[in-house]
Amino acid sequence: MNQTTSSPLQRGFWEATGGRRGIGAWIFSTDHKRIGLLYFYSTLLFFCVGALLGLALRLELFSPGADFFTPQQYNALFTLHGVVMIFLFIIPGIPAAFGNLVMPIQIGAEDVAFPRLNLLSWWLYAIGAILALTSLFTAGGAPDTGWTFYVPFSVRTTTNVSLATVAVFIIGFSGILTGLNFLVTIHRMRAPGMTWWRIPLFTWSLYATAWVQVLATPVLGITVLLIFAERIVGSGLFDPTRGGDPIMYQHLFWIYSHPAVYIMILPGMGVITDIIPVFARKPVFGYKAIAISSLAIAGAGSVVWAHHMTTSGMSDTAVLVFSLLTFLVAIPSAVKVFNWVATLYKGSISLDPPLLFALSFIFLFSIGGLTGLVLGAAATDVHVHDTYFVVGHFHFVMFGGTGFAYIAAMHYWLPKIYGRMYNRKAAVWGWALMTFGFIVLYMSMMIVGMEGMPRRYYDYLPKFTFWNQLSTIGSWILACGLIVIFVNIFRGLFRGKPAGDNPWGGASLEWQTSSPPPLENFDYEPEVTHGPYDFKRGCP
Amino acid sequence: MSETTHAEHPKDYSGAKLGMWLFLFTEVLLFGGLFILYAVYLQRYPEGFKLGGDQLNVWFGGGNTLVLLTSSLSVAMAITALQRGRVRQAANLVGVTVIMALWFLVNKFFEWSAKIHHGIYPSSGHLKEMPGGEQVFFNIYYLTTGLHGIHVLVGMFVMTWVLILIRKGKVNPDDYVTLENAGLYWHLVDLIWIFIFPLYYLIL
């Protein structure tokens with residue numbers, strides 16, 4: 001069953017170009033693996049763009065006063081960093097890239113339910129990305145509102161917010177279609193024997209994510225359309241002088257954008273859940289609890305949006321209710337963390353790169369989650385609202401969480417897709433640099449935020465200099481780590497040794513087919529007789 | 001292993017309909033944002049909303065309600081006709097739906113034109129002089145009916161496309177899920193109007 005490919009590599013789906021040549025074999029292909037790779041490289045590109053913008057922000061903040069950029073440029077930089085990282089990298093990052101690459105194989109399907117719709121999703125994403133980039137250089141220049149597009153500033157600013165909102169709308173539509181496609185795929189395309197309780201937990205997390213994508217994104221759609229209408233036809237629905245209410249904008253925006261952080265984190269948790277049992281050589285602890293906690297996070301996460309608005313002037317009752325609901329999200333999140341740790345307990349652990357990134361995830365995400373409780377409690381939130389503490393917390397969850405999961409997924413699944421292995425020692429070095437740089441970078445932000453430094457400011461008081469400089473140095477270490485990681489992994493994928501069909505000893509279906517997988521994923525119709533973490537029966 | 005193998009797989013009709021239903025959920029939530037705004041502002045300006053509602057023409061709104069309900073009937077009949085193998089009748093009924101959609105839009109055009117002629121439209125000087133409640137009412141009215149109008153327009157194109165598919169025989173008594181899905185979409189467009197009509201035209 002497990003014949004490793006020692007002879008010249010099989011090329012699997014890489015050879016099935018569908019009769020098209022060059023780039024056409026990619027951008028017109030409906031193969032989920034090719035679309036997954038399209039998404040992977042586009043999201044990776046935007047991750048690098050966003051990271052460079054972040055480095056530029058840190059560089060400006062290295063010392064007080066004006067250093068490299070004007071205040072207007074700084075505003076554009078942080079807006080762009082937010083928009084690129086959130087809408088172009090982190091939201092599509094794991095679900096659209098790794099979800100497309102792996103999910104159909106995990107459930108034993110030969111493709112997603114609507115392959116052409118899948119291709120359309122990527123095209124919409126690409127068009128949205130191009131429009132977002134166009135908005136930087138046309139009609140008034142780069143938006144300077146922050147990624148949240150808060151009124152009244154987003155309606156009054158002369159920068160090109162209108163085009164940016166159209167771009168966000170189109171990218172949102174792309175996300176909806178991916179979510180819809182995944183839901184139907186998971187419901188309808190599972191292989192014989194792949195019951196609901198045998199679905200790998202990465203796919204379970206994608207299932208929960210897809211529901212949030214389908215149900216929450218339309219609200220973002222109408223919200224940015226309203227901004228667009230305010231700017232173009234002057235509808236004034238958020239303008240107090242015309243009877244409107246700006247807080248209604250914040251409600252509508254966060255009704256989507258808070259669930260959106262679960263679109264970002266849930267697939268990351270799914271990646272970690274799939275990695276840990278494989279490298280602990282032990283079935284995952286509490287399979288059903290983890291699957292249900294994904295759904296619980298998706299559900300509870302949809303009713304906590306107004307905790308972003310504690311200081312907005314809404315009623316105290318609302319503040320308290322949303323604060324309580326926010327605490328509830330901690331329960332399913334903690335269920336996951338404890339189950340991961342319990343899976344590792346008494347496991348036969350092999351410290352390979354994917355597991356190292358997963359361990360960093362648990363550590364960093366736990367800090368991010370616990371500082372989230374500080375922000376969830378209304379009293380402390382008023383104190384640290386709009387300070388660097390929030391920025392630190394957010395990056396611990398999103399970058400320490402989803403970002404590390406994305407890189408863990410690269411180390412875990414890309415050898416399957418490419419059929420080649422990277423240098424494991426270099427990957428460990430990259431991991432160490434990245435984790436260390438990360439902690440220096442963002443822990444400093446939390447401390448300086450506690451001391452009162454507001455976020456989004458171009459300048460700061462001299463007393464904040466030390467922590468800001470430390471943070472900027474951390475950003476350089478982190479960048480070095482990323483360079484080591486990317487150089488190593490891509491050298492490996494293109495020139496490394498053959499990885500074999502099952503380099504990690506996984507028991508889920510993607511490890512039972514060849515590396516790289518053939519066009520429709522399996523040479524035979526798979527039949528599932530055991531769970532995804534049953535290592536005794538799964539990998540003889 | 002070429003891409004032609006895809007064609008050998010049977011079509012998954014339940015999957016196609018499941019996908020359509022999920023898409024309809026997203027449409028409901030898209031309009032949901034506007035209905036939330038309506039609810040909050042109605043609670044804040046009950047007087048202004050009543051005064052605004054009085055200025056809308058119930059005959060236009062009521063007439064359009066009838067037009068849309070009839071078109072929903074015709075598309076439902078088209079599906080039944082196709083199921084029973086009456087291809088020509090089905091095509092005619094889809095054609096009726098397209099004409100009804102056009103009729104709705106023409107009505108809407110005259111209704112909007114009259115209002116705009118009276119100086120009531122977003123950012124008009126006349127509207128800005130009105131009290132806050134009425135301003136908000138008309139702004140939401142234009143946004144909601146505008147977004148709905150776009151959906152009617154899209155539905156009209158979808159129905160025309162399905163009509164062509166029926167004529168070409170690609171949608172036929174053995175394979176009519178495309179017509180069913182287009183019908184589902186059309187019913188939703190109708191249903192949203194059923195909520196818009198009383199909320200804006202019949203408000204007390």
(message) Could you walk me through whether V184(A) and W21(B) satisfy the side-chain contact (heavy atoms from CB on, under 4.5 Å) test, starting with their C-alpha distance in whole Å, then the side-chain angles of each, then the deciding distance to 0.1 Å, before giving a yes or no?
(response) CA-CA 10 Å; V184(A) 178; W21(B) 276 104; over 6 Å; no
Measure [X] against the heavy atoms of chain B and call it side chain, backbone, both or neither at under 4.5 Å.
X       : result
D245(A) : both
F173(A) : side chain
L220(A) : neither
L117(A) : neither
L237(A) : both

(request) Take L18(B) and L183(A), measure what side-chain contact (heavy atoms from CB on, under 4.5 Å) needs, and give me the verdict at the end. (result) CA-CA 9 Å; L18(B) 179 61; L183(A) 284 178; over 6 Å; no
Which portion of [X] sits near chain A, non-hydrogen atoms under 4.5 angstrom:
X       : answer
L143(B) : side chain
V40(B)  : side chain
F23(B)  : both
I140(B) : both

(message) Side chains of T241(A) and K128(B), heavy atoms from C-beta outward: is any pair under 4.5 Å?
(response) no
(request) Heavy atoms only, distances under 4.5 angstrom: which of Y41(B), F25(B), F138(B) has the most pairs with chain A? Name it, please. (result) Y41(B)
Roughly how far, to the nearest 0.5 Å, is the [atom2] atom of [Y] from the [atom1] atom of [X]?
X       : Y       : atom1 : atom2 : answer
F114(A) : D12(B)  : CZ    : CG    : 7.5 Å
E230(A) : S123(B) : CD    : OG    : 11.0 Å
E134(B) : R242(A) : CD    : CZ    : 13.0 Å
L177(A) : L22(B)  : CG    : CG    : 11.0 Å

(request) Could you go through the side-chain contact (heavy atoms from CB on, under 4.5 Å) check for L37(B) and L226(A) one step at a time? (result) CA-CA 11 Å; L37(B) 284 182; L226(A) 284 168; 3.7 Å; yes
